[in-house]
2 protein chains.
Amino acid sequence: MTTGIRHDEMRKRNRALVIAAVRRADQPSRTEIARLTGLSHSTISAIASDLIEEGIMREIGQGEAAPARRGRPQVALGLDPEAATVVCLHLSFNSLSAVLVDYCGRVIDTKAHRLSTLTLSRQALLDAAVSAVREIACGREGFLRIAFAVQGITDAAGRQMLWSPITPHSDIAFGPELEAAFGVPVTVQNDCNMIAAALRWRNPERYRDNFIALLLSQGIGMGLMLNGQLFTGTHSSAGEFGHMIHRPDGALCRCGRRGCIEAYAGNYAIWRKAHGKSAMEKPIADIKAGEMEALAAMARRGDGPARQAFREAAEAIGIGIGSLFALIDPAPVAMVGQGTAAFDILEPEIRAALAQTAGGQHAEDVSFETWPDEVPFIQQGCAMTALTGLDWEVFGPGLRPGAGGRKPEDGRVVA
Amino acid sequence: MTTGIRHDEMRKRNRALVIAAVRRADQPSRTEIARLTGLSHSTISAIASDLIEEGIMREIGQGEAAPARRGRPQVALGLDPEAATVVCLHLSFNSLSAVLVDYCGRVIDTKAHRLSTLTLSRQALLDAAVSAVREIACGREGFLRIAFAVQGITDAAGRQMLWSPITPHSDIAFGPELEAAFGVPVTVQNDCNMIAAALRWRNPERYRDNFIALLLSQGIGMGLMLNGQLFTGTHSSAGEFGHMIHRPDGALCRCGRRGCIEAYAGNYAIWRKAHGKSAMEKPIADIKAGEMEALAAMARRGDGPARQAFREAAEAIGIGIGSLFALIDPAPVAMVGQGTAAFDILEPEIRAALAQTAGGQHAEDVSFETWPDEVPFIQQGCAMTALTGLDWEVFGPGLRPGAGGRKPEDGRVVA
DNA sequence: CCCATTTTTTCGAGCTTCGAAAAAAAGAAT
DNA sequence: ATTCTTTTTTTCGAAGCTCGAAAAAATGGG
């Protein structure tokens, strides 16, 4: 709370709240919106007719689930899918996918591209992003926003990619480049944060204020929701769980340092250990899912080096989670990505390691959910981030021109 | 944003904002409040006259720093010190202190008690807290709130102390006990979080949205400000930096586990190592400041075991900070407590360890501030927490009766 | 065909904020 | 001493928003 509330601000918030309620609930009636928001029926009626007139919302006849009840039937409301479209991009190792999404969150079109991220120049990566957007949006009326998810570290402001394992270039300014090309707001965010956003959207019962999304794959990524907000640090996107130190001066990590969690739990680390290589052996960029499956099968069969490799991976993850829990308290954990295919091997060892830590005091209460495929989460997280951003920034204030409003000067009040 | 804003809510927020502005600024005029809050002069005038009439604020003649300027002179405003008082308690090893603070944050009275926390019964500790409050408030008109800071882990709701190194008892319900005895709201919070609150209050330029307060003493404590809010977990107060795992299966910690950061960096760990004892030796509860000073002096003289002990402590702290930075991004760090007396020895080694971690990439940019005495911070943090709570909850809504207002039912909207 | 029931809209009342103008309070100028 | 200038503060009417009550709308039941 840093600046005073004026009248237009009140309307803006209540409009955004109504839009949010409609987006979340399944075709609610005005009465239901009133119940959800705590606003009066009169207010909902007024806001709803504004939104309908502006083409943001529409009436969808009687709701299907209209059980022959007495009285005037409820009118189901839904967001107008044609109110806007947004583009979601997802850049990962050798892959760039673009999705066009309507204002209801439905996918209109998808395009996937293969490209050699490790060898492309900085400008070629930027160009690839621009042309992917141009292609997906081709011929259709203007989209209002771009949400860009990258496998790597982004800056806290969501402007650029600072570092990524998929390319040798750093500080690639996707945000400004795309904004210059298309003239719409662009957010650049870490893919694991998008996974966290999607989890919250899908299951707010379980994933609400504080939770952790771990991506187990070639490397180890994390998305962190704290106090109901996606945590992005002051400079970078933070959340580098994989690069917490597990063993000082330990195994060689892909990032060039030693002893990181990832250097024990990433695909390359498991592969390296299972094949009897040195822990200082140079990490391999991309290990196929089939190969990891084979290692997991070996580990399930008996107590050989493969089993030992998964055991060390689980220990690193478990102790890491324990340290994280010590800092931020036990919270629901979602494990996503190809690495979860071996979760049956990992879980007991993760729990054993966790139980040894201060953060794991109540380890038996912690439950893990797993999903092998992270892509739908990333895409949905991007879409919801972009759309709820629109709800607030574009459609929240209404379309009346000249709202204006003063701004406080320097020296903001800290409450 | 989870519930609609009504008219009374708008006024409530703007009132609270005005109070916050007056509390923070040094006797501002109405014009200055308008500038700080972004609200119009008319609104400030109306709110100010309400607050003055209600006895929350008062006019303080012309501000002293009234430089003979043309025009009608500004009227300085200040909070009425008699509007309320709050009691701050601070329980630590063998010590319980109580402070009575007026609505302006000035200390009215202080009482310190010695007590043997390790041997007292659960009920005796509760009784001590109650009688400390009774004594400090004796004869004076009613205080409106109690803020209780404890050295230990509290629950996230701020109701009780879950665990503490200063007593064998756990789950001591100070909150309900004090509320039952005095009929005012009570918050129970971790002492390091209060240090963080005080830092933010004293220097919001440096300590605003994300920063870390580390307490170096017998143990290692942490207060964590994230996204501008004190982070308290879902169950406990979290922030157990000292119990992140530094070396799996490493030195014995006071908490009974092995390899915690504290088992290398707490006073007992340094003492143990410097005296050539085993890392599995049982930790000593309380090591005098003088003894630690002597060890530091020895370490400064040469490269003996004392030096090695401080080196290991610094490494544990540095790597811990690195892991923390990997998770939440580099942020300002404040080091508080008796352990900072040896910070000249610790700092280079902390930086060296930090520089090896992913979170320490820009370690040279990180600056540490140190203060040897944590007590004033804890007290001020308690006071400001309690007073700003009053600003909002008691004085924000105004004193007009029957404000009422509906509440949204279940199924809150998640935006 | 009328009544009961539920949803939605309408309408006036009550707050709140805002901008403009007026009032207040001082120094500067004559 | 009086008038002008400048700055702060208050006053007042206008506009916007939400709310509760009442009215209107839409449907099933008898």
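A note on names: the letters A, B, ... follow the listed sequences, proteins ahead of strands, and every chain is numbered from 1.
- In terms of the side chain to side chain donor-acceptor pair (under 3.5 Å) criterion, A:Ser45 has no residue partners (sequence neighbours excluded).
- Atom P of nucleotide C:dT9 and atom CD1 of A:Ile47 are separated by 13 Å, given to the nearest angstrom.
- Rounded to whole angstrom, the span from the CZ atom of A:Arg35 across to the P atom of C:dT8 amounts to 13 Å.
- By the salt bridge (Lys or Arg N to Asp or Glu O under 4.0 Å) test, A:Arg206 pairs with A:Glu369, sequence neighbours left out.
- The side chain of B:Arg30 approaches D:dT10 more closely than any other nucleotide in the set D:dT10, D:dT18, D:dT8.
- Under a 4.0 Å N-O distance rule, the pair B:Glu205/B:Arg200 does not qualify as a salt bridge.
- Taking 4.0 angstrom as the limit, A:Asn14 places a side-chain polar atom (N or O) nearer than this to OP1 or OP2 of D:dT18.
- For the pair A:Ser29 and C:dT7, the criterion of a side-chain N or O lying under 4.0 Å from OP1 or OP2 is not met.
- By the salt bridge (Lys or Arg N to Asp or Glu O under 4.0 Å) test, B:Asp80 is found to be paired with B:Arg58, residues two or more places apart in sequence or in another chain being considered.
- Spacing between atom CG of A:Leu39 and atom P of D:dG20 amounts to 11 Å, rounded to whole angstrom units.
- Evaluated for a side-chain contact (heavy atoms from CB on, under 4.5 Å) with A:Phe143, the options A:Ile108, A:Val86, A:Val184, A:Val101 yield exactly one hit, A:Val184.
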Output a table of nitrogen or oxygen pairs between the protein and nucleotides 11-14 of chain D separated by less than 3.5 Å.
none

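- A search for ring-ring contact (aromatic ring centres under 6.0 Å, His included) contacts involving A:Tyr103 returns A:Phe395, not counting sequence neighbours.
- Rounded to whole angstrom, the span from the CD atom of B:Glu59 across to the P atom of D:dT9 amounts to 9 Å.
- When the P atom of C:dG19 is taken as reference, atom CD1 of B:Ile44 falls 13 Å away, rounded to whole Å.
- Rounded to 10 degrees, the angle separating the terminal helix axes of the helix from C:dC1-D:dG30 to C:dT30-D:dA1, each built from five base pairs, is 30°.
- Computed from coordinates, the A:Glu32 CD to C:dT6 P distance equals 16 Å when rounded to whole Å.
- Among residues two or more places apart in sequence or in another chain, the ring-ring contact (aromatic ring centres under 6.0 Å, His included) test is passed with A:Phe231 by none.
- As rounded to whole Å, 17 Å separates atom P of C:dT16 from atom CG of A:Asp8.
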Letter per nucleotide, 5' to 3', of nucleotides 23-30 of chain D [B base touched, S only sugar-phosphate touched, - untouched; heavy atoms, 4.0 Å]: -BBBBBS-
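- Among residues at least two apart or in separate chains, ring pair (Phe, Tyr, Trp, His ring centres under 6.0 Å) pairs with a member in residues 5-33 of chain A are A:His7-B:His7.
- Residues passing the side chain to side chain donor-acceptor pair (under 3.5 Å) test with B:Thr43, sequence neighbours excluded: B:Ser40.
- In terms of phosphate contacts, B:Ser49 brings no side-chain nitrogen or oxygen within less than 4.0 Å of OP1 or OP2 of D:dT10.
- Contact between the side-chain N/O atoms of B:Arg6 and the OP1/OP2 oxygens of C:dC15 is not found at any separation under 4.0 Å.
- Counting to the nearest Å, the C1' atom of D:dA15 and the NE2 atom of B:His7 are 11 Å from each other.
- For A:Asp102, the salt bridge (Lys or Arg N to Asp or Glu O under 4.0 Å) partners at least two apart in sequence or on another chain are A:Arg106.
- Partners of A:Arg202 according to the salt bridge (Lys or Arg N to Asp or Glu O under 4.0 Å) rule, which considers only residues two or more places apart in sequence or in another chain, do not exist here.
- Looking only at side-chain heavy atoms (C-beta outward), B:Arg23 and B:Met384 come within less than 4.5 Å of each other.
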